[in-house]
*Asks:* 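Below you'll find the structure I mean.
These numbers come from a predicted model, not from an experiment. Counting starts at 1 for both ligands and their atoms, in listed order. Excluded from the calculations below are hydrogen atoms, water molecules and symmetry mates; all remaining heavy atoms, backbone and side chain alike, are included.
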Amino acid sequence: MIPMVDLKDQYAEIREEIQTGLNDLLESCHFILGSNVHAFEQEAANYLGVKHAIGVASGTDALHLALLAAGVKKGDEVITTAFTFIATAEAIRYIGATPVFVDIDPDTFNIDPEQIEAAITKKTTAILPVHLFGQPAEMERLQAICKKHELKLVEDCAQSFGASINDNQTGSMGISAGFSFFPSKNLGAFGDGGLVTTDDDVVADRLHMLRNHGSNVRYHHDVIGYNSRLDEIQAVILRAKLKRIDQYNERRRRLAVSYSKQLSDLPVQTPYEDNRGIHVYHQYTLLSEHRNDIMQALQNNEIASTIYYPIPLHRQNVFADQYKNLQLPVTEDISRRCFSIPIYPELSDQNICKIVDVIRSVFS
Ligand SMILES: *Cc1c(COP(=O)(O)O)cnc(C)c1O
């Protein structure tokens, strides 16, 4: 069986370092907001090129708190994409704001900057792009739109740790950004975890309070906050993996190049690549009219494949009534044709060839 992701080999390589770190932590019994979280926040901020990184309990919380700290309020409209995981829109709704879905670019699968201005109203206060599958969104265009209309730019970096565009890391280009450390993400913890980044001291201050019951000084509470801290156990794991994230992402990129080269003569659309964006391939996602046949053939050969995402957010039951008149033709077309095949740093070149051979067999 070739799974979508296999976390065991990655653990095996760093087992000793993690076990030593966890052992020290268990002996110290300092489990909440201790030295590992502080060190990880510093190391992540350095890596990402931001002034502040604040550990939180999950990627979903990271987005929620990133929007709140940026000043998004109840009744606001936030422009985003419907071709993403539900958490992107949930974070907006937690605040009582409304997600306004804009269609995507058919090549990058990210929000189409061309269509954003038509969706801006008096209530719009922010744009929340997603760097989907590890492909950076068109940040320069989004920054220009935000500047012109005085909107906040908040990034969903749940799938893009280490991705960059024009030499800027994702998570460093807006007022704030949310990352996820769900175990299968490019930088994955051994449980839930997340991170919010910002260069703004005031926003960082708010985030430190929001994640910890509205408090910066113990038992002094300035706002209604949350219990949303990254815990020390996850920070131990993340510190070990952060040291190796470039190596992990480079391997993903090498595998993607290999897939795209070998699949180039088949009737499938391989992921978009250009010279500006460094795609970190959280997923390797193809488009094909023959999706069902390909996925069936892969399954027959014990190779996993998954559709990310079969139902765009505006067609999900939870949102269906609210958006019944909304048409997003590109999003809908792509969700009908997309499917993702295994990619993770420990996947062997040999298995890439095997997967390609099975796909090829569908067309011969
Ligand atoms: C994983 C993910 C999230 C949520 O992260 P969690 O850590 O699972 O809460 C948000 N947005 C996108 C695009 C994701 O892929």
*Asks:* Could you tell me if any non-hydrogen atom of D61 lies under 4.0 Å from any atom of ligand 1?
*Replies:*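 The answer is no: ligand 1 sits nowhere under 4.0 Å from a heavy atom of D61.
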
*Asks:* Which residue and atom name correspond to the protein heavy atom nearest atom 2 (C) of ligand 1, and how close is it?
*Replies:*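 I find the closest protein heavy atom is K185 NZ, 2.6 Å.
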
*Asks:* Can you list the ligand 1 atoms lying under 4.0 Å from a non-hydrogen atom of S58?
*Replies:*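 Answer for ligand 1: 7 (O), 9 (O).
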
*Asks:* Give me the nearest non-hydrogen protein atom to atom 15 (O) of ligand 1 as residue plus atom name, then the distance to 0.1 Å.
*Replies:*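 Its nearest protein heavy-atom neighbour is Q159 NE2, 2.8 Å.
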
*Asks:* By number and element, which atoms of ligand 1 are closer than 4.0 Å to a non-hydrogen atom of T84?
*Replies:*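 Near T84, meaning under 4.0 Å from one of its heavy atoms, ligand 1 has 13 (C).
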
*Asks:* With a 4.0 Å heavy-atom cut-off (strictly under), which part of T60 contacts ligand 1: side chain, backbone, both or neither?
*Replies:*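 Within the 4.0 Å criterion, T60 contacts ligand 1 through backbone and side-chain atoms alike.
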
*Asks:* Cluster question for you: counting only ILVMFWY and a side-chain heavy-atom cut-off of under 4.5 Å, with indirect links fine, are I334 and L313 together?
*Replies:*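 I334 and L313: one cluster.
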
*Asks:* Looking at atom 8 (O) of ligand 1, what's its closest protein heavy atom, distance included?
*Replies:*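 Minimum-distance protein heavy atom for atom 8 (O) of ligand 1 reads F182 CD1, 3.9 Å.
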
*Asks:* Between E250 and R244, does any NZ, NE, NH1 or NH2 come within less than 4.0 Å of an OD or OE carboxylate oxygen?
*Replies:*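 Salt bridge: no.
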
*Asks:* Does a side chain donor of either E273 or H279 reach within less than 3.5 Å of an acceptor in the other side chain?
*Replies:*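 There is no such pair (donor and acceptor under 3.5 Å, judged by atom type) between the side chains of E273 and H279.
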
*Asks:* Please check if the distance between the ring centroids of Y308 and F109 is under 6.0 Å.
*Replies:*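 Aromatic pair excluded; centres sit 6.0 Å or further apart.
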
*Asks:* Nearest protein heavy-atom contact for atom 11 (N) of ligand 1: which residue, which atom, what distance?
*Replies:*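 For atom 11 (N) of ligand 1, the nearest protein heavy atom comes out as D156 OD2, 3.0 Å.
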
*Asks:* Going by distance alone, is a donor N or O of one side chain under 3.5 Å from an acceptor N or O of the other, for Q296 and N300?
*Replies:*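 Side-chain D/A pair, Q296 to N300: present.
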
*Asks:* Which of these passes side-chain hydrogen bond (donor to acceptor under 3.5 Å, both in side chains) with K51: D201, T197, D200, T198?
*Replies:*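 Going through the options one by one, the only one that passes is D201.
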
*Asks:* Looking at R141 and E114, is any side-chain nitrogen of the basic one under 4.0 Å from a carboxylate oxygen of the acidic one?
*Replies:*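 Counted as a salt bridge, because a side-chain N and a carboxylate O are separated by less than 4.0 Å.
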
*Asks:* Do me a favour and list the nearest non-hydrogen protein atom to atom 12 (C) of ligand 1 with residue, atom name and distance?
*Replies:*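 Result: A158 CB, 3.4 Å.
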
*Asks:* Should Y248 and F161 be marked as a ring pair (Phe, Tyr, Trp, His ring centres under 6.0 Å) after you check the CA-CA gap, both sets of side-chain angles, and the distance that decides it?
*Replies:* CA-CA 11 Å; Y248 296 153; F161 200 104; over 10 Å; no

*Asks:* Need the ligand 1 atom indices (1-based, order shown) with element for anything under 4.0 Å from a heavy-atom of F85.
*Replies:*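 Here the atoms of ligand 1 in question are 2 (C), 3 (C), 12 (C), 14 (C).
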
*Asks:* Under 3.5 Å between some N or O of ligand 1 and some N or O of A87?
*Replies:*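 For ligand 1, there is no N or O atom that lies under 3.5 Å from one belonging to A87.
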
*Asks:* Could you check whether E17 pairs with K243 (Lys NZ or Arg NE/NH1/NH2 to Asp/Glu carboxylate O, under 4.0 Å)?
*Replies:*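 Here E17 pairs with K243 in a salt bridge, since their nearest N and O are under 4.0 Å apart.
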
*Asks:* What part of L132, side chain, backbone, both or neither, has a heavy atom within less than 4.0 angstrom of ligand 1?
*Replies:*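 Contact part for L132 vs ligand 1: neither.
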
*Asks:* Below 4.0 Å, non-hydrogen atoms only: which portion of H282 touches ligand 1? Side chain, backbone, both or neither.
*Replies:*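 Neither; no heavy atom under 4.0 Å.
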
